[in-house]
Amino acid sequence: MKNNFRDIVNRKKNIFNFILTIFMLITVRYFYIQVIRGDFFKEESGETSTRIIETKPPRGFILDRNGKVIVSNRSTFSILMYPIHYNDSLFDHDLFFNIINKANKRSVFLIKENHFIDSLKKSKKYRTKKYKPIRIVNYIDFETKAKLMEHKIQFPGLFFNTNPARFYPKDLRLAHVLGYLRPIPIDKVGIDGYNYGDSWGRDGIESKFEALLRGNKGREHRLVDVKGIDYGIDTEKENFDSKVGSDVQLTIDYGLQLKIESLLKGYNGSIICMNPENGEVLAMASSPDYSLKEFIGPLKYEVWDQWKKDKRLLNRATAGQYEPGSLYKLVSFIMFMQERKVPIDTKVFCNGKYELEDQSNPGNPQIHRCWKKDGHGEVDLHDAIMKSCNIYFYDMILKYQEQDKYIIDVLHKYAEELGFNKKTGIEIFEQEGRIPDSDWMVKNKGKRWPKRGSMPNLIIGQGDNAITPLQGINLINLIAMEGKAFKPKLILNNPSIPFNSSINQYVWIKLKEAIYSVVNNNDGTAFNLKNDTFIIRGKTGTAQMTSNTSEENLISWFGGYVEGQDNLMSLLVMIEDTNSDTKGIAKALSKNIVDFQLSRGNNE
């Protein structure tokens, strides 16, 4: 009996000791977790109920020269879902898609309704994917977000991200200057803080000043329970707000820009207005243009393809390259006046055509014609500009070529000094144009060059010459400022960079006299622009489209400047696809612009 009793006592002791040991282990473990590693596990616990959300900053505004807003922002929202919190039995799919399908949204579903459950369940299986949010749809409006928030308990795992979208005025376009936003390319993700789903500037001011406009992202720690319900920001965590991008103020005059855009409707062409005294671009339009509102959300492929087919994306003002026609006679005038290899008072008789003997085909001379079929009679250099006489320039350049068979290189040198054949330095994309020299001609026209037959076309701005409208107004500014102008600029606070020429001042004075006659003499080709109150100077031009030699598909040019009460305004108008009846359209539009600006009292 004693042995049995002793066995029972020992057994109880062992059980007690075992329980005591277990209790002590639990106590020690509890102490370890709560006291020694309490902070660590508290933080670990927090991560399971906290989600870090990246907040996107609003882009900076784009303003006109007077502070009027051209581009601002309007908040739109993206819907995202955490796979880890998705519960198929709790999520009300019918209600969710009923609300979304009625939404004012600018994006198709990134996850289709019939793939919704499968996509989330599949991601939920992977440790790395189940904590990463899946984007459902982009660019929904605030009203839709509010409706979803009313039923957030029925949508576990759902949350929103702000997408600041660009907001544009109803009347003004300015598309080619402003540029647009597009989703960040995959190869740029992870660079300079860009992530998938971000937007960045493409083309124009939006692209050039992307770093300035984009701002800095913020970070929020969102409290999420085990059911995936979002309860707002965890204020105990380190959160910081996004920083709005910096504003950019343009040199553009809102009212003048609106005017030239309205004048260009229905035409293919461009208009530029500038202040020659500082290089500021007051207005710049290219037509046809496009609606920047189409870039809020995904752009339809068929719209993009049609735009490319219509050449709507081409900024004709800075990147269109055209034969300058008689506008180029301003360059020829400067070369003749500066070089003086033929007496400057030489007169030429114009009877409407110029016969150039073709050495390869004796007895069959090349016929170069003047725009005025019955001719201008006897003209000098001043008259040749005023009346835009082709014959004078044909005759003079061939006299020059007799003395220097590579006179094309001399003409090329003057053209480059006057800003052609190179970029002007404006802040947005531009082309260089093309002014051929002897090397170019040999390479592209063959070893038999130089030929006398090429120079008559080149001297009047035809043939292989190609300029941008911006280069054309750059020359007008040089004339207005007598060789001491400024490079074109679109940003008001950017310094004005001098653009100077070594041309003799006397040449500028004589050229200004000639282009004064173009507008103010009864025989001038732009007499319809004459103003009894203000002085206007300018030069007309008509050029054949490169691929066409008929009287159709002509380019109509006018470049000039007006002297206001206390300032100057230069302008250049270029219209494509005119004909013999409509080739004067550039003059008509220019008069409309000048009258409008002068009626405003010359207030910028």
Side-chain angles (χ1 to χ4, degrees), residues 62-68 70 174 176-178 204-205 208-209 212 246-260 270-285 315 317-318 330 417-420 422-430 468-503 505 508-509 511-512 515 534-539 558-573 590 593-594 596-598 600-604:
I62 300 178
L63 315 171
D64 91 329
R65 63 185 299 104
N66 298 309
K68 186 177 178 67
I70 298 176
L174 198 63
H176 295 95
V177 171
L178 295 174
I205 297 299
K208 180 67 176 179
F209 297 95
L212 196 64
S246 300
D247 295 342
V248 171
Q249 188 167 15
L250 305 181
T251 59
I252 296 294
D253 180 313
Y254 196 105
L256 183 59
Q257 180 69 29
L258 203 60
K259 179 64 177 179
I260 69 169
S270 69
I271 297 176
I272 309 172
C273 300
M274 290 183 64
N275 183 346
E277 295 176 295
N278 53 27
E280 293 176 358
V281 177
L282 304 177
M284 177 184 285
N315 185 354
T318 64
L330 300 173
E417 183 173 348
L418 298 170
F420 297 103
K422 57 186 175 182
K423 295 180 179 180
T424 66
I426 198 167
E427 294 93 340
I428 60 177
F429 177 76
E430 61 177 324
T468 67
L470 185 62
Q471 291 171 332
I473 198 170
N474 213 23
L475 173 59
I476 299 298
N477 292 340
L478 270 177
I479 298 170
M481 299 300 293
E482 297 183 4
K484 293 179 173 57
F486 296 89
K487 293 183 178 182
K489 68 172 187 174
L490 282 163
I491 305 301
L492 192 64
N493 294 329
N494 278 359
S496 295
I497 301 174
F499 170 48
N500 298 328
S501 168
S502 63
I503 304 299
Q505 188 178 11
W508 295 118
I509 293 171
L511 182 53
K512 288 171 72 173
I515 63 173
F534 299 97
I535 296 174
I536 302 171
R537 295 180 171 89
K539 180 71 186 78
F558 179 81
Y561 66 97
V562 54
E563 298 180 8
Q565 291 178 341
D566 56 2
N567 56 21
L568 300 175
M569 185 190 79
S570 58
L571 75 157
L572 187 133
V573 178
S590 296
I593 296 166
V594 170
F596 169 80
Q597 191 69 350
L598 293 178
R600 302 171 79 197
N602 294 283
N603 293 323
E604 294 186 1

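Small disclaimer: the values here were computed from a predicted structure and weren't measured. Reckoned from all heavy atoms, side chains included, excluding hydrogens, waters and symmetry mates.
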Handout entry: Whether Gln249 side chain and Ile491 backbone form a donor-acceptor pair below 3.5 Å
Key = no

Practice task
Identify, with sequence neighbours excluded, every residue that meets side-chain contact (heavy atoms from CB on, under 4.5 Å) alongside Lys208.
Solution key: Glu427

Practice task
State, to 0.1 Å, how close Asn474 and Phe486 come at their nearest heavy-atom pair, and which atoms those are.
Solution key: OD1-O, 4.1 Å

Completion exercise
The residue among Leu478, Leu418, Leu511 that forms side chain to side chain contact (heavy atoms under 4.5 Å, CB included) with Leu330 is Leu511

Completion exercise
Tightest non-hydrogen contact, residues Ser590 and Phe558, listed as OG-CD2, 3.2 Å

Problem - Ile473 CD1 to Thr468 OG1 distance, which is reported to the nearest 0.5 Å - result: 10.5 Å

Exercise for the section: Say whether Glu430 and Thr424, considering side chains only, have a donor N or O and an acceptor N or O under 3.5 Å apart. Expected result: yes

Practice task
Please name the pair of heavy atoms, one in Ser501 and one in Trp508, separated by the smallest distance, quoted to 0.1 Å.
Solution key: OG-CZ2, 3.8 Å

Handout entry: Residue pair Lys259 / Gln597, side-chain heavy-atom distance below 4.5 Å
Key = no

Practice task
Report the distance from atom CG of Leu178 to atom CD1 of Ile205, rounding to the nearest 0.5 Å.
Solution key: 7.5 Å

Practice task
Could you tell me the separation between the CG atom of Leu572 and the OH atom of Tyr561, rounded to the nearest 0.5 Å?
Solution key: 14.5 Å

Handout entry: Close side-chain approach of Glu277 and Asn567, heavy atoms under 4.5 Å
Key = yes

Practice task
Could you check Leu282 against Met274 for side chain to side chain contact (heavy atoms under 4.5 Å, CB included), going step by step and ending with a plain yes or no?
Solution key: CA-CA 5 Å; Leu282 304 177; Met274 290 183 64; 5.6 Å; no

Handout entry: side chain to side chain contact (heavy atoms under 4.5 Å, CB included) assessment of Gln257 paired with Leu250
Key = CA-CA 12 Å; Gln257 180 69 29; Leu250 305 181; over 6 Å; no

Exercise for the section: Answer yes or no: is there a side-chain heavy-atom contact under 4.5 Å between Leu63 and Ile70? Expected result: no

Handout entry: Residue pair Lys489 / Ser496: nearest heavy atoms and the distance that separates them
Key = NZ-OG, 3.4 Å

Completion exercise
Of all heavy-atom pairs linking Ala317 and Ala285, the shortest is CB-O, 4.4 Å

Exercise for the section: Tell me, with the steps shown, if Thr251 and Leu492 meet side chain to side chain contact (heavy atoms under 4.5 Å, CB included). Expected result: CA-CA 5 Å; Thr251 59; Leu492 192 64; 4.1 Å; yes

Practice task
Take atom NZ of Lys484 as the centre, draw a 6.0 Å sphere, and report whether it contains more than 12 heavy atoms from other residues, nucleotides or ligands.
Solution key: no

Practice task
Could you please spell out the steps behind the side chain to side chain contact (heavy atoms under 4.5 Å, CB included) verdict for Met284 and Ile426?
Solution key: CA-CA 12 Å; Met284 177 184 285; Ile426 198 167; 3.9 Å; yes

Handout entry: Smallest separation among heavy atoms of Ile593 and Cys273, with atom names
Key = CG2-SG, 3.9 Å

Exercise for the section: Give, for atom CZ of Phe499 and atom CE of Met481, the distance between the pair rounded to the nearest 0.5 Å. Expected result: 12.5 Å

Problem - Gln471 (side chain) donor-acceptor with Lys422 (main chain) under 3.5 angstrom - result: yes

Handout entry: Distance in Å, Phe429 CZ paired with Lys423 NZ, rounded so as to fall on 0.5 Å steps
Key = 6.0 Å

Problem - side chain to side chain donor-acceptor pair (under 3.5 Å) involving Thr318 - partner list, sequence neighbours excluded - result: Asn315

Completion exercise
Rounded to the nearest 0.5 Å, the CD atom of Glu280 sits from the CZ atom of Arg65 at a distance of 4.5 Å

Handout entry: Close side-chain approach of Phe596 and Leu256, heavy atoms under 4.5 Å
Key = yes

Problem - Expected output: side-chain Asn477 to main-chain Ala485 donor-acceptor under 3.5 Å - result: no

Practice task
Scan Ile476, Val562, Ile515 and name whichever one has a side chain to side chain contact (heavy atoms under 4.5 Å, CB included) with Arg537.
Solution key: Ile515

